[in-house]
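Encoded as structure tokens, the structure appears first; notes follow it.
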Amino acid sequence: MRENYISVAFNLPVNKFFWYRLPSEFEDGVEKGQRVVAPFRKKDMIGFVVEKSSTKPKKNLKEIKELFDKASPFSLALFKLAEWVSSYYVCSLGQALHSIFPFPFPFEEKNFPSFSSYDSCEKKKRIYLVEPGRAKFDFVLSMIKKAKENGKQVIVLVPEINSIPLFQRKIEGLKINLGVFHSKLSPRKRYSLWLLMREGKIDVAVGTRSLVFAPLPQIGMILVNEEESTDYKQKETPKYNVCQVAIKRGQIEGFPVYLVTNSPSLESWYKAKKGIYRVLCLSGERKFPTFQIVDLKKEKKKNRIFSSLLQEKIKKTVEKKETALLFVPRKGYANFLLCSECGEVVRCPECNIGFRFYLRGEMVCHFCGLRKRAPRVCPFCEGVNLKKIGWGTEKVEFEARKLFPEAKIRRYDLDVLKSSSSLLEKIREEKPDIIIGTHLLIKDEILSLCSLVAVMLFDVLLNLPDFRATEYAFHFLNKISQNLKEDSSLIVQAYNSSHYVLTARSFEEFYEKELEIRKVLGYPPFQSWIRVLAEGGKKDKVKEKIEEVTEKLKKKNIKLLGPSPCPFFKTKGKYRYHVILRDEDEGNLQEAVKEIVYEVTGRSVKVGVDVDPVFVT
Ligand SMILES: [Zn+2]
Ligand SMILES: [Zn+2]
């Protein structure tokens with residue numbers, strides 16, 4: 001039977017496929033997943049072939065213009081993974097296929113090796129939560145060796161580009177074919193690497209997020225390092241979580257997945273507890289973070305940036321010619337300017353968030369990046385007493401220079417620095433006594449250079465407007481603690497010094513407490529969440545739209561939280577409302593949301609879906 005009709009999925013937010021007639025000269029050469037050029041809304045577009053049919057699905061079909069690829073770049077398993085991404089993360093199949101194979105170059109098949117056999121019934125392969133202690137690299141290298149012996153290939157995922165070089169150096173020692181894959185490579189480079197992987201010439205591929213889709217023909221396992229990192233959550237549609245995609249891929253293709261971390265996400269901890277993940281604790285026991293807490297409430301007012309204990313510790317560190325790292329959660333000199341006459345705060349007109357004040361006399365909105373000269377008088381009442389409230393890295397530097405005039409002090413911000421990758425070299429070269437900065441400094445190799453680390457104001461981390469703030473604060477302390485040398489010390493300054501993240505004495509104690517709170521509040525991991533977010537320039541329209549969505553959801557008897565204005569209600573000139581859907585089980589709500597979202601999204605208000613959202617701000 002001649003199959004001369006095909007359906008095509010485009011990389012567009014459209015919940016359907018489009019049928020075309022296939023000219024007879026192309027009939028033999030079309031496969032599922034292959035890209036074709038088709039007329040669509042008055043222009044030619046590239047789309048993915050989804051289905052072939054011998055019966056005409058409807059009248060007046062347009063004709064396919066040409067075949068963009070010579071063959072399908074997808075294995076059946078990867079195509080199936082795309083279908084799962086599309087249904088679980090609520091995007092079109094075209095968007096999912098495009099995120100797996102985004103290259104603008106025609107795929108021309110050479111004689112590639114076939115993919116390892118794949119049968120369509122999914123096998124439950126083991127998922128391991130590996131806590132390696134100090135043996136992280138030993139573990140990764142031993143797994144790679146084992147795979148190599150079995151003729152299998154390995155994907156090693158890391159949360160950010162900066163973590164790649166260290167893995168690269170360790171793996172290169174094994175003398176195997178290594179591919180390094182990340183978003184900073186040009187599309188051309190990434191595509192040639194993709195081809196090498198497809199040809200089976202790469203034994204181990206190391207890289208960030210989208211490497212999870214690597215077309216290794218004999219894939220043996222995926223290792224996800226620092227699985228708790230929020231960098232594994234994709235920020236654009238489809239907003240997938242790399243760990244979940246890796247696990248799904250493992251199920252489809254029948255290989256194990258290893259989530260490697262010394263600070264498991266609460267979700268993973270919970271799944272391990274329920275027996276869904278198997279725990280491999282390599283060091284035998286977990287090393288709980290150790291630190292000294294300073295209660296800022298008890299400090300004299302003049303010591304509320306540098307507590308007396310911290311001053312003493314820094315002095316000793318500087319005397320010993322060692323390095324102290326001062327982590328300040330915010331940049332700039334002051335968090336905002338407050339008029340002491342009328343009480344108004346100088347805010348970004350686009351985001352309604354207080355402008356951060358910098359010493360150079362500038363104000364910056366940390367949300368949209370808008371910069372302005374700081375006013376000398378209040379823009380509301382023309383009063384002359386604008387008070388600087390709160391403090392950031394510049395203020396800490398200013399105070400440090402007064403307190404430790406002899407010390408070599410360096411503040412490293414992205415403002416001062418051109419890129420974060422040169423930071424380590426710069427620190428090694430300049431050898432400062434005291435380094436001051438934000439999250440940029442919290443990197444394994446930098447921490448290992450310091451004998452004193454101080455978190456200047458822990459409360460900022462605890463009070464982020466996100467239900468996972470406490471968990472993130474825990475990972476943060478854990479990460480610092482894990483990377484410090486044996487005799488180095490960590491000081492945490494906080495007003496809320498009796499918070500359970502600071503007083504817990506074991507992993508179990510912290511996770512159980514956090515789980516208890518999440519359970520009471522109906523938060524993940526006890527409930528699965530999907531967030532529907534409406535954004536637009538006109539407040540009333542956005543509000544109307546989210547109410548329309550809510551009404552439709554209510555008719556389907558879905559449990560809801562909201563609708564409500566987002567914690568960041570206005571950003572970059574757009575108003576934001578959201579509603580959160582909740583269910584005890586994973587994967588129950590997607591169908592309902594899909595139907596509604598594609599129906600309501602419009603020109604003036606954009607409606608987006610985020611499944612298992614990470615930042616609910
Ligand atoms: Zn005023
Ligand atoms: Zn702004």
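All values derive from a computational prediction rather than experimental measurement. Each ligand, and each atom within it, is numbered from 1 in the order the structure gives. Just so you know, residue 1 is the first one in the sequence shown, and it goes up from there.
Salt-bridge annotation for Glu362 and Arg371: present, with a side-chain N of the basic residue lying under 4.0 Å from a carboxylate O of the acidic one. Ionic pairing of Asp433 and Arg410 is not present here: no N-O contact between side-chain nitrogen and carboxylate oxygen is shorter than 4.0 angstrom.
Not one N, O or S atom of His366 sits under 2.8 Å from the Zn ion (ligand 2).
Remark: at the Zn ion (ligand 1), atom SG from Cys381 and atom SG from Cys378 enclose 110°, rounded to the nearest 10 degrees. Between Cys342 atom SG and Cys339 atom SG, the angle centred on the Zn ion (ligand 1) amounts to 110° (nearest 10°). Rounded to the nearest 10 degrees, the angle SG (Cys365) to the Zn ion (ligand 2) to SG (Cys351) equals 110°.
The environment of CD in Glu382 is sparse: at most 12 heavy-atom neighbours from other residues, nucleotides or ligands sit within 6.0 Å.
No side-chain donor-acceptor contact under 3.5 Å links Glu226 and Thr261.
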